[in-house]
Enquirer: 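Here's a structure for you.
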Protein chains: 2
Amino acid sequence: MFPPIFAFCVYTEGMRASEKAYESLRHDIVQWCLAPGTVLAEVEQSARLGVSRTPVREALARLVADGLAVQQRGRGVVVSEVSLEHLDDLFDLRRALECEAARLACRSPRRAEFADLATAFTAAAHTEQIDSATEDYYQLVARLDELIDQAADNAYLATALRNLRVHLQRVRRLAKDHPARLRASANEHAQIAHAIASGNTDLARAATTMHLHQSFQHITHFATDLKGTND
Amino acid sequence: MFPPIFAFCVYTEGMRASEKAYESLRHDIVQWCLAPGTVLAEVEQSARLGVSRTPVREALARLVADGLAVQQRGRGVVVSEVSLEHLDDLFDLRRALECEAARLACRSPRRAEFADLATAFTAAAHTEQIDSATEDYYQLVARLDELIDQAADNAYLATALRNLRVHLQRVRRLAKDHPARLRASANEHAQIAHAIASGNTDLARAATTMHLHQSFQHITHFATDLKGTND
DNA sequence: TCTCCCACTTCTGTATACAAGAGTCTTGTA
DNA sequence: TACAAGACTCTTGTATACAGAAGTGGGAGA
């Protein structure tokens with residue numbers, strides 16, 4: 001009765017079926033278990049997830065609202081494409097949002113908390129084998145993102161960022177992590193955290209802009225490599 | 001194609017029942033026909049809209065995703081509150097997004113099209129009885145918004161702005177339109193359109209910032225009046 | 001052999017039936 | 001009279017049945 005791919009959601013207990021279906025599908029799409037272009041037929045998914053069509057429909061509607069799937073006339077919904085064509089658009093919006101978040105965080109009474117994170121990032125940048133601790137590193141990044149969101153204290157901004165980060169997660173899968181890039185990224189994050197901790201708005205925006213620029217360059221470069229060699 | 005701002009749906013013909021329910025509920029919420037706090041019971045709404053519970057459920061889920069309604073445990077969904085408490089947050093995000101849109105529009109090959117709109121806004125500002133042509137004026141604003149979206153040519157940004165503008169529409173209802181404010185607003189919009197037409201990024205951002213600041217001040221001022229007198 | 005048309009299959013969209021849970025009202029007891 | 005407990009009702013959450021539409025495949029005709 002248990003669906004094949006469902007290792008991540010331990011807590012199906014008190015969850016509604018529609019919630020379960022949504023989380024499962026969302027996870028599978030973000031993690032590329034369901035590749036772009038995959039048709040999400042209602043009956044097929046309801047069988048796979050072990051629930052009826054009704055909650056699956058609700059889940060699919062939410063995925064379409066998230067932009068993770070698109071509704072095709074007559075053909076149901078399919079997993080949306082991940083295109084590098086609009087990566088610059090994604091990053092334009094991301095820069096606008098993250099710079100604003102950084103600005104607001106600079107004015108937060110909690111901004112001192114960023115000093116510890118800055119130290120942690122600097123340490124991470126000097127870790128010998130950073131590529132073997134990728135998961136830890138990404139968790140650190142998540143902590144910084146979360147702290148910025150909390151310090152910015154703007155629900156509208158947080159929602160916009162949340163909607164955006166899903167797409168980013170999918171795109172990121174296109175680029176493998178190189179140790180050199182991870183190290184550089186850690187340093188950039190340290191700079192951002194430092195800037196916020198010091199309350200320097202201009203510096204925080206600049207650091208954020210720099211980091212996003214480097215990240216964009218990395219993904220673009222690697223994705224081109226991928227297309228040329230593997231794809 | 002889709003109308004930019006659903007003036008309302010006369011076109012229930014080829015529409016799915018769920019779409020119809022969504023547009024109808026969304027319209028009623030934005031137009032304050034359904035006041036904040038109103039309980040959106042599924043059976044009640046399905047009877048009112050003449051469709052069954054299934055499409056109503058789908059519509060309600062979308063409204064919750066939009067932030068126009070909130071799901072209350074055990075009590076179904078209710079129309080979300082419109083609070084002035086977080087108006088500054090709304091405008092912080094709005095400034096970030098609209099400034100970015102204006103910046104991108106400045107780089108668009110279509111930026112020359114803004115010159116005509118600038119002229120139209122200047123004319124509107126000099127209309128004798130601007131308060132009797134409020135609808136026309138708001139349509140002009142909608143045209144500018146739409147043109148900026150198109151010129152910015154960034155689907156992610158357009159989505160974020162669309163999500164935000166719904167909340168703004170609701171808040172705007174708190175403040176009556178005064179002729180003086182409408183005139184000033186028309187001039188501010190003319191400035192924005194002029195700046196974009198000339199391709200001056202800094203000027204476009206400044207004009208946008210100024211307009212949003214004035215708009216924020218107006219709503220804040222009036223809303224305080226409202227609370228003191230009518231409410 | 002190619003093309004067009006018709007029928008069949010399969011899918012979505014909608015309605016409705018059923019079950020579980022929460023809230024409320026009523027009644028009984030202290 | 002007030003409080004508590006139980007039952008009832010209303011609501012949501014889920015499953016399923018049915019209808020309509022769209023795609024597909026096969027057969028017939030040119």
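Residue numbers begin at 1 in each chain, while the letters A, B, ... track the order of the sequences.
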Enquirer: Would you say B:Phe91 and B:Leu164 make side-chain contact, with heavy atoms under 4.5 Å?
Expert: no
Enquirer: Atom CG of A:Leu40 to atom C1' of C:dC11: distance rounded to whole Å?
Expert: 14 Å
Enquirer: Measure the distance from CD on A:Glu42 to P on D:dT14 and round it to the nearest whole Å.
Expert: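 Distance check: A:Glu42 CD to D:dT14 P gives 15 Å.
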Enquirer: Using modelled atom types and a 3.5 Å cut-off, is there a donor and acceptor pairing between side-chain atoms of A:His189 and backbone atoms of A:Ser185?
Expert: yes
Enquirer: When the distance from CZ of B:Arg62 to P of C:dG13 is rounded to whole Å, what number comes out?
Expert: 12 Å
Enquirer: Answer yes or no: is there an ion pair linking B:Glu100 with B:Arg103, defined by an N-O contact shorter than 4.0 Å?
Expert: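 Yes, B:Glu100 and B:Arg103 are salt-bridged.
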Enquirer: Give none if C:dA30 has no partner; otherwise give the nucleotide forming a Watson-Crick or G-U wobble pair with it, both distances under 3.5 Å.
Expert: D:dT1
Enquirer: When the distance from CD of B:Gln71 to C1' of D:dG13 is rounded to whole Å, what number comes out?
Expert: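 From B:Gln71 CD to D:dG13 C1': 10 Å.
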Enquirer: Can you list every side chain to side chain donor-acceptor pair (under 3.5 Å) pair that touches residues 153-163 of chain A, not counting sequence neighbours?
Expert: none
Enquirer: Counting distance only, does the side-chain N/O of B:Ser46 pair as donor-acceptor with the main-chain N or O of B:Val43 below 3.5 Å?
Expert: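 Yes, because the side chain of B:Ser46 sits within donor-acceptor range (under 3.5 Å) of the backbone of B:Val43.
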Enquirer: Would you tabulate the nitrogen or oxygen pairs shorter than 3.5 Å linking the protein to nucleotides 14-18 of chain C?
Expert:
unit_1: C:dT14; atom_1: OP1; unit_2: B:Ala17; atom_2: N; d: 2.2
unit_1: C:dA15; atom_1: OP2; unit_2: B:Ser52; atom_2: N; d: 2.7
unit_1: C:dA15; atom_1: OP2; unit_2: B:Ser52; atom_2: OG; d: 3.0
unit_1: C:dA15; atom_1: N7; unit_2: B:Thr54; atom_2: OG1; d: 2.8
unit_1: C:dT16; atom_1: O4; unit_2: B:Thr54; atom_2: OG1; d: 3.2

Enquirer: Rounded to whole angstrom units, what separation is found between the CG atom of B:Leu60 and the C1' atom of D:dT11?
Expert: 13 Å
Enquirer: For A:Gln45 and C:dT12, is the shortest distance between a side-chain N/O and OP1 or OP2 below 4.0 Å?
Expert: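 Result: no.
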Enquirer: Below 4.0 angstrom, N of the basic side chain to O of the carboxylate: do A:Arg110 and A:Glu113 qualify?
Expert: yes
